Amino acid sequence: MLLGALWTGGLLFYQTPGPVWLGALLALAWMLVAGWMALRVARGRAGRHIGSAYVLGMACAALWWTALSPSQDRTWADDVAERLHVVSFDGRHVVLDNVRDFTWRTEQDYDARWVRREYDLQQLRSADLVMSYWMGPAIAHTLVSFGFADGRQLVFSLEIRKERGESFSALGGFFRKFEMTLVASEETDIIRTRTNARGEDVYLYRLHGLTQAQLRTLFAGYIEQARSLDAAPAFYNTLTSNCTTIVFDLARHIAPGLPLDYRLLASGYLDEYAFDQGALAPGYPFATLKARARITERALQPQARNDFSAWIRRGVPGTAQEDQP
């Protein structure tokens, strides 16, 4: 009863229309009433009317939950205002609309730019796991950056689709508070904004042992996700549909035997999980890989303005720049 009451309280807090204080007041009132009901049941003093009232309350909450539907039509924040659109994809050549290419000076000061990009998947050469820490060592935002023979990089990132003025809440993500969106971006946008504008701590690892066919399969998985979210909106879920679970789900396309692990939830340790699965550059202890994967300081250096992607990879094992200091 208490677990059900807690879930319903969260639903009231995050989904009640109007000011935040109203949702908080209704959630508190419900928790007090439900707690009193549970106490009566625990003491064997609950009449039939108490059980009926609790069941009715939970049934109303379940109906409300079911009725919640995601939307494509809201006043979105600028950085998620456009949906990634697959213009064409024949298995090899792909044309993407609304690839993000912002120039960030601060989180509030930026030049917005959405562009069309064309890629030949025969030219895929690499995939890098990027982890951006913003809330302690256990939580990181997970991105994958694909490298092409001509030196270009394309980063995919599953994110909440924030409304203007809205901010992320991990708890809110359990209660259908946010829609989700797949962002495809230049590294000078989506990585640089984290290192330079937001002050997050970012690590980049070269994924090891992927054949060209596997790289194409992984990339095509993101294309499928982009098409799905472009056609119909979906809710973000902190536990089941987030930036880390999409990487794991797509990785299982090429390695079906990947085991479930607590580090898929504690996303800040996903790099350690990848190391244990042999997915990172071989020949290095994990501590060395992690130390050399940290790109934050390099991204902040003036030299990064000229060739950002090459500069941040200097010294990263497994990359063409791994021997650079």
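Note that these values count all heavy atoms, side chains included, but never hydrogens, waters or copies made by symmetry. Since the structure is predicted, the reported quantities are computational estimates derived from the model, not experimental observations.
For the ring-ring contact (aromatic ring centres under 6.0 Å, His included) test, no residue two or more places apart in sequence or in another chain qualifies with Trp36. Shown here are the salt bridge (charged side-chain N to carboxylate O under 4.0 Å, His left out) partners of Arg117, two or more places apart in sequence or in another chain: Asp101, Glu186. In terms of the ring-ring contact (aromatic ring centres under 6.0 Å, His included) criterion, residue partners of Trp65 (sequence neighbours excluded) are, by chain and number, Trp7. Legend: residues meeting ring-ring contact (aromatic ring centres under 6.0 Å, His included) with Tyr133, ordered by chain and number and at least two apart, are Tyr203. For Trp30, there are no ring-ring contact (aromatic ring centres under 6.0 Å, His included) partners, not counting sequence neighbours. In this view, Asp150 and Arg152 satisfy the salt bridge (charged side-chain N to carboxylate O under 4.0 Å, His left out) rule, not counting sequence neighbours. Residues meeting the salt bridge (charged side-chain N to carboxylate O under 4.0 Å, His left out) test with Asp78, sequence neighbours left out: Arg164. With sequence neighbours excluded, the residues satisfying side chain to side chain donor-acceptor pair (under 3.5 Å) with Ser169 are Tyr14. Gln277 meets the side-chain contact (heavy atoms from CB on, under 4.5 Å) test with Leu258, Pro259, Tyr273; sequence neighbours excluded.
Under the 4.5 Å side-chain heavy-atom criterion for Ile, Leu, Val, Met, Phe, Trp and Tyr, Phe275 and Leu264 are members of the same hydrophobic cluster. Residue Phe248 is grouped with residue Ile254 when hydrophobic side chains (ILVMFWY) are merged at heavy-atom distances under 4.5 angstrom, including chains of intermediate members.
Checked by atom type, the side-chain pair Gln122/Arg216 shows a donor-acceptor distance below 3.5 Å. Side-chain contact, Trp104 with Asn196: no donor N or O sits under 3.5 Å from an acceptor N or O.
Between Arg194 and Glu200 a salt bridge is recorded (basic side-chain N to carboxylate O distance below 4.0 Å).
Each ring-ring contact (aromatic ring centres under 6.0 Å, His included) pair with one or both residues in residues 71-101, not counting sequence neighbours, would appear here, but there are none.
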Side-chain donor/acceptor pairs under 3.5 Å, residues 231-240, sequence neighbours excluded:
unit_1 : atom_1 : unit_2 : atom_2 : d
Asn237 : OD1    : Leu239 : N      : 2.8
Asn237 : OD1    : Thr240 : N      : 2.9
Asn237 : OD1    : Thr240 : OG1    : 3.3
Thr238 : OG1    : Ala170 : O      : 2.6

Name every donor-acceptor pair, under 3.5 Å, that has one atom in a side chain of residues 135-149 and the other anywhere in the protein, sequence neighbours excluded.
unit_1 : atom_1 : unit_2 : atom_2 : d
His141 : NE2    : Ser157 : OG     : 2.6
Thr142 : OG1    : Thr244 : OG1    : 3.1
Ser145 : OG     : Gln153 : NE2    : 2.8
Ser145 : OG     : Glu187 : OE2    : 2.6

